[in-house]
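Here the structure is laid out as structure tokens; the discussion comes afterwards.
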Amino acid sequence: MQSKLFPRTRKQAPKDAESINHQLLVRAGFIDQLMAGSWTLLPLGWRVVTKINKIIREEMDAIGGQEMLMPLLHPKQIWNETGRWDTADEVMYKLKDIHDKEYALSFTHEEIVMDLLRKNIKSYTDLPVSVYHFSTKFRNELRAKSGILRGREFMMKDLYSAHTSEEDLMDYYEKVKVAYKKIFTRLGFDFKVAKASGGVFTDKFTHEFQVFSEAGEDTIYWKDGEDEAINEEVFEGNKDDYHSAKSIEVGNIFPLGTMYAEKMGMLFADKDGSKKPVWFGSYGIGPTRVMGTLVEVSHDDKGIVWFPQVAPFDVHLLSIRSNEKTRETYEKLQNAGLDVLFDDRDVNAGEKFSDADLIGIPVRLVVSEKTGDKIEYKERNGDKIEMLTLEEVIQRLHES
Ligand code: ATP
Ligand code: MG
């Protein structure tokens, strides 16, 4: 027996839900709030994040990134080595065990990667290295108000690279920039790369990937014909000469340099035998923020409109009083390699249609007493309803 989709959809958004992504993702059953900034990714939400992560993973692997998984509970001593135990005090969650030993919950992993490198990299022949992981980050965000765009506990993909020279680091930095552009294009975003500051990470400039959206907390400025924009935080030009727009930061890349290696003693033996600090970069994307951003940029008054490449399922199959016949269709669609959400609940047709619009899967199929040998086919982002055979449906879905 197929278990029931968990949980049910909701007619009303929670009272405190100010942002669209919060309202729609909660109502449609993608996420659930435990407390401010802390979310369960429910089965539908986890499917979307898994699809986002797959796209990110493919592009990270394509530039030589090696996936691993690092711990989230970190000893104080490692964060003292760079001084960030104190300088990043505001964002870090710190705790003590019963023996008064102090720890931090990970808000990022530069220090942990640097510790890994110094234990394992001896010579220039061991470099360059590029490693990444997907894991939870904890940050004591003051304003956790924008739904899943700003969590206190959220998912991040963070890539770290180490090099023998500044030139090699900057070459790789450009490669990551290109990979990030591919990722955000594949995700369906309208975005710009923007120059920005380094926050608690570095004194140097960094690059952010900014998706156009009124829900964004950032403002970017750019000139016609220029590829890169500038974040308002570091903007010094004359605003009249530039276009500007609100945007959501979905990714950020940092050419960190040698500071971390110097402070933590990550020295390698170069060709001439001299000891040198590694050149280090870090590169982040927030998959849970990406999911919220997708909802901000693609929805209507009925609900979410997922792009096919990130939709939780390929098709939403509704059975209207003909479960037996629809089950056959369900099995055939699955055998054709499609991900099908099957709504065979004993509720009225209107409720099934409005739930399908709310959940936002790209294609809705209806099998009912009236459809005969055919299947009713409708795309979420269009109005046209067509009657197709099963073979035609499968062909359409494989083309899209
Ligand atoms: P912001 O300026 O929005 O606070 P940040 O610059 O501190 O973000 P980074 O440290 O660059 O964030 O993190 C890399 C990526 O992780 C961001 O581009 C974003 O996609 C995601 N991210 C950062 N903070 C959060 C958060 N609180 N909730 C969800 N995703 C986040
Ligand atoms: Mg950032």
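One-based numbering, in listed order, for ligands and for the atoms of each. Sequential numbering from 1 along the given sequence is applied to the chain's residues.
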- Item | Aromatic Tyr103 / basic Lys101 pairing, under 6.0 angstrom, 45° off normal | yes
- What are the protein N/O/S atoms, named by residue and atom, that sit under 2.8 Å from the Mg ion (ligand 2)? Glu249 OE1, Glu249 OE2, Asn252 OD1
- Item | Modelled atom types, side-chain donor and acceptor of Asp224 and Tyr242, under 3.5 Å | no
- Message: Counting C-beta onward and ignoring hydrogens, is there a side-chain heavy-atom pair between Ile148 and His22 closer than 4.5 Å?
- Response: no
- Task: Determine whether more than 12 heavy atoms belonging to other residues, nucleotides or ligands lie under 6.0 Å from atom CG of Asn348.
- Result: yes
- Message: I need the contact residues for ligand 1: any residue with a non-hydrogen atom closer than 4.0 Å to the ligand, ordered by chain then number.
- Response: Arg139, Glu141, Leu149, Arg150, Gly151, Phe154, Met156, Phe201, Glu249, Val250, Gly251, Asn252, Phe254, Gly286, Arg289
- Within 45° cone and under 6.0 Å: Arg364 NZ/CZ vs Tyr377 ring: no
- Message: Test of understanding: with side-chain contact (heavy atoms from CB on, under 4.5 Å), list the residues that count as partners of Pro43, not counting sequence neighbours.
- Response: Phe6
- What residues, two or more places apart in sequence or in another chain, satisfy side-chain contact (heavy atoms from CB on, under 4.5 Å) together with Glu102? Lys76, Trp85, Lys96
- Please determine if Lys195 forms a cation-pi arrangement with Phe205, meaning its NZ or CZ atom is less than 6.0 Å from the six-membered ring centre and no more than 45° off the ring axis. yes
- Message: For the NZ atom on Lys370, are there more than 12 heavy atoms of other groups (residues, nucleotides or ligands in this structure) within a distance under 6.0 Å?
- Response: no
